[in-house]
Amino acid sequence: MQFTRRSVQTAAALAVVGSLLASPAFAQDKPKIALIMKSLANEFFRTMEDGAKAHQKAHAKEYTLVANGIKNETDTAAQIKMIEQAMAQKVSAIVLAPADSKALVPVVKSAIDKGILVVNIDNQLDADALKEKNITVPFVGPDNRAGAKLVGDHLAKTLKAGDKVGIIEGVSTTFNAQQRTLGYQDAMKAANITVVGVQSGNWEIEKGNTVAAGMMREHPDLVALLAGNDSMALGAVAAVKAAGKTGKVQVVGYDNIGAIKPMLADGRVLATADQYAAKQAVFGIELAQKALAAKTPQNQLPATVKTDVVLVTKDSK
């Protein structure tokens with residue numbers, strides 16, 4: 001086989017280009033960030049995903065995004081598998097909205113042990129469980145207790161001391177569900193309003209509907225239902241209508257999803273809280289990006305990064 005001078009020159013040039021592309025200065029690999037959310041049946045998480053995808057599109061040269069979410073709010077096993085898949089895909093970072101504050105900690109440790117950066121959003125991982133595994137994971141998100149108290153305080157202004165209300169809690173093993181319940185209880189206690197019960201609606205419309213209907217049957221003099229998210233509030237509104245108590249039993253929620261807005265406008269829902277779903281994942285992604293660029297180790301990331309939460313009513317602009 002004979003080589004011409006031109007073919008030799010071409011081969012040499014390609015070899016040089018190849019070595020340059022292989023060098024760090026010309027590295028083509030971008031960090032791959034996995035966003036793993038709770039149920040995509042919940043409009044809040046679909047909005048979160050949309051916000052993350054829009055951010056990645058605007059920063060396409062900086063990182064790639066793999067976004068995924070479970071089918072229902074309590075499927076922790078599926079979420080654990082998603083983290084394991086992300087590990088197998090050798091992602092650089094995982095931004096996680098955990099379905100359970102404790103159950104996800106062991107697989108999070110596995111990811112960290114493999115050198116994957118983990119950032120926690122939406123629902124805070126359990127502090128004791130993290131301590132037990134000797135890991136630290138930054139939480140980027142709002143103060144759920146303070147946000148719920150804003151909503152509860154607004155409701156309390158329309159009630160009187162001694163009135164009876166019920167709380168429809170999210171998944172009870174999640175930190176944000178617990179914090180929102182505490183915020184509602186803080187507001188009711190301050191106004192001397194009686195909380196007759198706290199029951200889990202699993203963050204879901206149908207379960208929220210069932211719990212709301214049961215509470216109204218058990219307590220015919222109930223005057224309000226405080227739902228831990230807007231999906232459960234939607235279920236509560238339907239239960240109130242079915243019971244013929246529209247206008248007599250008030251409903252509040254949390255998240256400010258699109259489906260709740262017409263209900264705020266016509267009074268079927270009195271108030272909700274906005275914690276900016278579209279920005280939640282972005283805040284976590286940006287923290288991960290900065291840490292990856294600076295090569296900041298997991299244990300040197302900030303413990304918490306607080307984000308905004310505001311009261312939303314029909315008068316909100």
Side-chain angles (χ1 to χ4, degrees), residues 30-75 78-79 82-83 85-86 89 91-99 104 117-124 138-142 144 147 170-171 174 176 180 203-205 208 227-235 253-265 269 272-290 292 305-312 316-317:
K30 295 178 287 187
K32 182 187 289 185
I33 298 176
L35 170 63
I36 299 175
M37 296 163 286
K38 293 194 282 184
S39 175
L40 294 178
N42 184 337
E43 185 184 329
F44 178 83
F45 292 104
R46 294 198 302 273
T47 303
M48 178 185 285
E49 182 179 30
D50 290 344
K53 286 181 175 178
H55 182 269
Q56 192 279 328
K57 187 175 180 180
H59 299 82
K61 293 181 180 179
E62 298 171 23
Y63 74 102
T64 58
L65 178 70
V66 181
N68 213 342
I70 51 180
K71 290 183 179 178
N72 67 64
E73 297 282 2
T74 57
D75 196 352
Q79 202 174 45
M82 287 175 186
I83 295 174
Q85 288 168 357
Q89 292 170 351
V91 299
S92 305
I94 295 172
V95 177
L96 173 67
L104 274 293
L117 205 73
V118 180
V119 176
N120 176 200
I121 61 171
D122 179 63
N123 174 41
Q124 195 163 1
F139 175 69
V140 181
N144 283 271
V171 174
T174 58
N176 57 345
R180 290 176 196 179
W203 299 125
E204 295 170 351
I205 295 173
N229 77 347
D230 285 342
S231 292
M232 296 186 299
L234 293 174
Y254 194 110
D255 279 342
N256 195 33
I257 64 174
I260 217 78
K261 292 175 183 178
M263 298 185 180
L264 286 167
V269 172
T272 187
D274 194 344
Q275 58 175 4
Y276 305 103
K279 295 180 181 179
Q280 282 294 303
V282 171
F283 293 143
I285 288 168
E286 289 180 340
L287 177 62
Q289 279 186 287
K290 290 174 185 174
L292 289 169
V305 178
K306 289 294 181 191
T307 60
D308 291 336
V309 57
V310 298
L311 176 71
V312 179
S316 300
K317 294 181 181 178

Practice task
Give a yes or no answer on whether the side chain of Asn144 reaches the backbone of Arg180 with a donor-acceptor pair at less than 3.5 Å.
Solution key: no
Interatomic spacing from [atom1] in [X] to [atom2] in [Y] - rounded to 0.5 Å:
| X | Y | atom1 | atom2 | value |
| --- | --- | --- | --- | --- |
| Ile70 | Phe45 | CD1 | CZ | 8.5 Å |
| Gln89 | Ile94 | CD | CD1 | 9.5 Å |
| Asn256 | Leu264 | CG | CG | 6.5 Å |
| Leu65 | Ile285 | CG | CD1 | 5.0 Å |
| Leu96 | Ile83 | CG | CD1 | 4.5 Å |
| Leu104 | Thr174 | CG | OG1 | 11.5 Å |

Listed partners of [X] passing side-chain hydrogen bond (donor to acceptor under 3.5 Å, both in side chains), at least two apart:
| X | value |
| --- | --- |
| Gln289 | Glu62 |
| Asn229 | none |
| Thr307 | Gln280 |

Can you give me the closest heavy-atom contact between [X] and [Y], atom names plus distance?
| X | Y | answer |
| --- | --- | --- |
| Val309 | Pro142 | CB-CB, 3.9 Å |
| Gly284 | Ile121 | CA-CG2, 4.0 Å |
| Tyr276 | Val310 | OH-CG2, 3.4 Å |
| Ile260 | Ala233 | CD1-CB, 4.1 Å |
| Val269 | Gly253 | CG1-N, 4.4 Å |
| Gly228 | Trp203 | O-CZ3, 3.5 Å |

Problem - Side-chain H-bond candidate by donor/acceptor type, Glu73 with Asn42, under 3.5 Å - result: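 Yes, side-chain donor-acceptor contact under 3.5 Å.
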Practice task
Hey, could you give me each pair passing salt bridge (charged side-chain N to carboxylate O under 4.0 Å, His left out) that has a residue in residues 273-285? Not counting sequence neighbours.
Solution key: none
Could you list the donor-acceptor pairs under 3.5 angstrom formed by side chains in residues 48-56, with sequence neighbours left out?
unit_1 : atom_1 : unit_2 : atom_2 : d
Glu49  : OE2    : Lys53  : NZ     : 3.4
His55  : ND1    : Tyr63  : OH     : 2.8
His55  : NE2    : Glu286 : OE2    : 3.2
Gln56  : NE2    : Tyr63  : O      : 2.8

Show the atom names and distances, to 0.1 Å, of all donor-acceptor pairs under 3.5 Å that link a side chain in residues 32-40 to residues at least two apart or in another chain.
unit_1 : atom_1 : unit_2 : atom_2 : d
Lys38  : NZ     : Asp122 : OD2    : 3.3
Ser39  : OG     : Ala41  : N      : 3.1
Ser39  : OG     : Lys71  : O      : 3.0

Practice task
Report yes if the side chains of Gln275 and Asp255 come closer than 4.5 Å at any heavy-atom pair, otherwise no.
Solution key: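 The answer is yes, as the side chains (C-beta and beyond) meet within the 4.5 Å cut-off.
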Practice task
Any chance you could lay out the side-chain contact (heavy atoms from CB on, under 4.5 Å) test for Val305 and Val119, step after step, and finish with the verdict?
Solution key: CA-CA 11 Å; Val305 178; Val119 176; over 6 Å; no
